[in-house]
Amino acid sequence: MPVLRMSTLFLRTLREDPADAEVPSHRLMARGGYVRRAAPGIYSWLPLGKLVLDNVAAVIREEMGRIGAQEMLLPTLLPSEYYEATGRWTEYGDALFRLKDRKGADYALTPTHEELFTWLVKGEYSSYKDFPVVLYQIQEKFRDEARPRAGVLRGREFHMKDSYSFDIDDEGLQRSYDLHREAYVRIFERLGLSFVVVSAQSGAMGGSASEEFLAETPTGEDTFVRSTGSDYAANVEAVHTPAPPAGSVEGLPEAQVHRTPETPTIETLVDFFNAAGLGRTFTAADTLKNVLVKTREPGSADWEVMGVGVPGDREVDMKRLEAALHPAEVQLLDEADFEAHPFLVKGYVGPNALLANKLRYVVDPRVVEGTAWITGADKPDHHVMNLVCGRDFTPDGTVEAADVREGDPSPDGQGTLYTARGIEIGHIFQLGRKYTDAFELDALGADGKPKRVTMGSYGIGVSRVVAAVVEQCHDEKGVVWPREVAPADVHVVGTGKGEQIDVALRIAEELEQRGVRVLVDDRKGVSPGVKFTDAELLGVPTCLIVGKGLSEGRLELRDRASGEQEEIGLEEAVDRVASAVAAG
RNA sequence: CGGGGAGUAGCGCAGCUUGGUUAGCGCGCAUGCUUUGGGAGCAUGAGGCCGCGGGUUCGAAUCCCGCCUCCCCGACCA
């Protein structure tokens with residue numbers, strides 16, 4: 001790479017934040033001249049930005065190469081047929097950029113490439129001996145986001161690495177998936193990111209069928225939970241509630257029905273029982289709240305009503321419930337549904353009306369045998385106390401529907417949970433045969449019979465990764481690039497009106513000969529303050545200053561991350577910088 | 001789609017309430033002189049469809065009507 005000279009570099013740093021920039025990565029990438037907005041959610045990458053983007057891509061290429069993946073480049077403009085073949089032309093909805101050619105035929109700007117990759121493999125490969133194969137590309141993707149935001153973090157055009165694995169059996173798919181998972185860990189570690197891997201789905205679908213890589217930052221769009229006592233991390237939807245040990249029902253007090261007028265809420269109910277002189281105090285966690293929903297399996301026209309029991313101190317988290325019941329649709333009951341099921345007394349629904357009427361009743365995992373509850377007595381203004389699970393009612397199973405809270409015990413038994421935010425930078429997914437079925441991609445097996453190929457898809461948001469790195473690696477002065485991502489290894493700054501700039505250029509050339517990537521500030525007539533401030537904003541890891549000490553043969557070596565600075569001799573400068581670069 | 005805010009020079013903004021010089025300030029840019037270790041000083045200068053369309057008026061950046069766009073929060077989406 002030639003020496004980058006600030007005197008001619010296409011770069012103008014901004015003294016002020018652009019009015020629309022809110023998050024640190026957006027502000028700093030704009031001020032540092034890395035990107036410029038062209039349209040909502042669409043950005044130009046200026047020279048320094050392009051270098052950074054390429055550095056991220058280079059790391060990805062190396063690690064993809066290590067797992068045997070082969071890079072290709074596919075069209076970004078595709079006729080609708082490809083997406084119609086899999087139903088995504090309609091499924092994708094408004095997020096798909098659509099356009100017509102001069103003949104009126106429908107086209108899309110590609111959002112992902114499952115279809116074309118599958119089609120290509122079908123055209124070239126036909127024997128089990130050809131598999132497995134992993135193909136990928138790094139290119140622009142298009143999604144007409146309802147609300148692009150935060151600069152390149154969520155754009156309508158963005159750079160993505162997408163790879164696809166093709167295997168002839170499930171074991172092969174699992175291997176391809178595991179290889180990607182390992183490659184992703186290496187990639188994000190090399191990029192200097194602090195990240196977690198979370199299961200993207202609930203247990204029902206199988207824990208490893210899909211995982212997200214989240215870069216932890218306060219500005220992230222995705223909420224996840226982690227543990228204070230271990231490295232456990234998961235999407236809220238995937239958190240399993242640890243069940244307390246089941247107890248004996250022997251000797252527990254009899255269930256008693258109480259008239260409880262004017263107790264429409266859990267709070268009023270608890271107050272009522274605490275005022276009833278029963279010799280103990282109750283909390284909302286002693287009550288069992290029964291929420292009624294209806295579910296519909298895909299392809300079915302009929303809704304099934306079911307009851308969901310959760311401790312009264314918790315709300316039903318519809319996202320968690322939906323994930324638990326996936327792929328069924330879930331809705332709350334409306335008035336008409338209550339009218340159709342008169343045995344459901346709104347506000348006073350208890351387990352037994354549900355069970356007696358053969359409706360499915362599932363409960364929170366905390367509701368185990370031997371636990372006693374205050375819950376609805378299935379008639380207006382009445383609740384039942386000491387209704388014991390396993391004695392007075394037996395649920396049809398458990399469900400992860402209750403909300404997850406800070407302080408809840410971690411599912412792995414170590415520590416408690418707290419919520420964190422992250423940016424989704426990678427997603428690995430065992431697709432299975434959705435696309436190979438659509439295109440009838442078969443391989444002839446050893447037994448001479450065709451076998452349907454199974455797929456995985458694996459994405460990394462390359463441009464988003466750049467922003468995620470900035471989110472994690474910056475201070476109040478600017479970016480602090482990890483070396484592998486930085487647009488240069490060293491920023492040589494010449495200050496003064498003497499020979500400093502000439503010397504800076506000479507040192508820059510020598511460093512370049514040694515394989516060091518160099519940005520040199522050779523601007524004339526720019527004051528030292530401006531140059532230092534720009535260097536800090538741009539965030540190159542090592543800074544070498546050729547300034548006022550030059551006449552005595554002294555230069556200054558600064559480390560952007562630590563802020564440490566050291567005087568060094570002119571003669572040793574090249575060696576010192578080279579070794580600083582080599583040390584990372 | 002719901003809520004909030006904003007469109008004035010490359011960037012950041014004031015002016016609008018109460019219509020009236022030639023539309024202004026800072027940064028940046030150009031030229032000259034001075035300055036050179038933490039966003040320099042002086043002087044001169046270039047740069048504007050005041051988002052678009054219509055209306056009111058002798059006169060509109062400013063008032064009225066309509067439209068468009070953008071930003072932020074949420075919903076949706078991955």
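Side-chain atoms are counted along with the backbone in the values below, which use heavy atoms only and exclude waters and symmetry mates.
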Scan residues 492-503 of chain A against RNA chain B and write down, sorted by residue number, each residue with any heavy atom closer than 4.0 Å; if none is found, say none. A/T495, A/G496, A/K497
Taking only residues two or more places apart in sequence or in another chain, which ones pass side chain to side chain donor-acceptor pair (under 3.5 Å) with A/T8? none
What residues form a ring-ring contact (aromatic ring centres under 6.0 Å, His included) with A/F439, not counting sequence neighbours? A/W119
Go along nucleotides 71-78 of chain B 5' to 3' and tag each nucleotide: B for a protein heavy atom under 4.0 Å from its base, S when only backbone or sugar atoms are that close, - otherwise. SSBBBBBB
When the C1' atoms of B/U8 and B/A14 are considered, how many whole Å apart are they? 10 Å
Determine the interatomic distance between P on B/C27 and the same-named atom on B/A43; round to the nearest Å. 12 Å
For RNA chain B, stems built from three or more consecutive Watson-Crick or G-U wobble pairs below 3.5 Å: B:1-7 with B:68-74, B:10-13 with B:24-27, B:29-34 with B:40-45, B:51-55 with B:63-67
Sorted by chain and residue number, the ring-ring contact (aromatic ring centres under 6.0 Å, His included) partners of A/H180 (sequence neighbours excluded) come out as A/Y458
For A/Y136, which residues count as a ring-ring contact (aromatic ring centres under 6.0 Å, His included) partner, sequence neighbours excluded? none
Is there a residue in residues 533-542 of chain A whose heavy atoms reach under 4.0 Å of RNA chain B, and which residues are they? A/T533, A/D534, A/E536
Between the protein and nucleotides 40-43 of chain B, which nitrogen or oxygen pairs are less than 3.5 angstrom apart?
unit_1 : atom_1 : unit_2 : atom_2 : d
B/A40  : OP2    : A/S527 : OG     : 3.1

Residues in residues 75-84 of chain A with a heavy atom under 4.0 Å of RNA chain B, by number, are none
Name every donor-acceptor pair, under 3.5 Å, that has one atom in a side chain of residues 188-197 of chain A and the other anywhere in the protein, sequence neighbours excluded.
unit_1 : atom_1 : unit_2 : atom_2 : d
A/R190 : NE     : A/E484 : OE1    : 3.4
A/R190 : NH1    : A/E62  : OE1    : 3.0
A/R190 : NH1    : A/E63  : OE2    : 2.9
A/R190 : NH2    : A/E62  : OE1    : 3.2
A/R190 : NH2    : A/E484 : OE2    : 2.9

Among B/G39, B/C11, B/C29, the one nearest any side-chain atom of A/E16 is B/C11
With heavy atoms under 4.0 Å as the rule, sort A/R156 into base, sugar-phosphate or nothing. nothing
Which residues pass the side chain to side chain contact (heavy atoms under 4.5 Å, CB included) test with A/L557, not counting sequence neighbours? A/T542, A/L544, A/I568, A/R576, A/V577
Taking atom C1' in both B/U57 and B/G20, compute the distance separating them and give it to the nearest angstrom. 12 Å
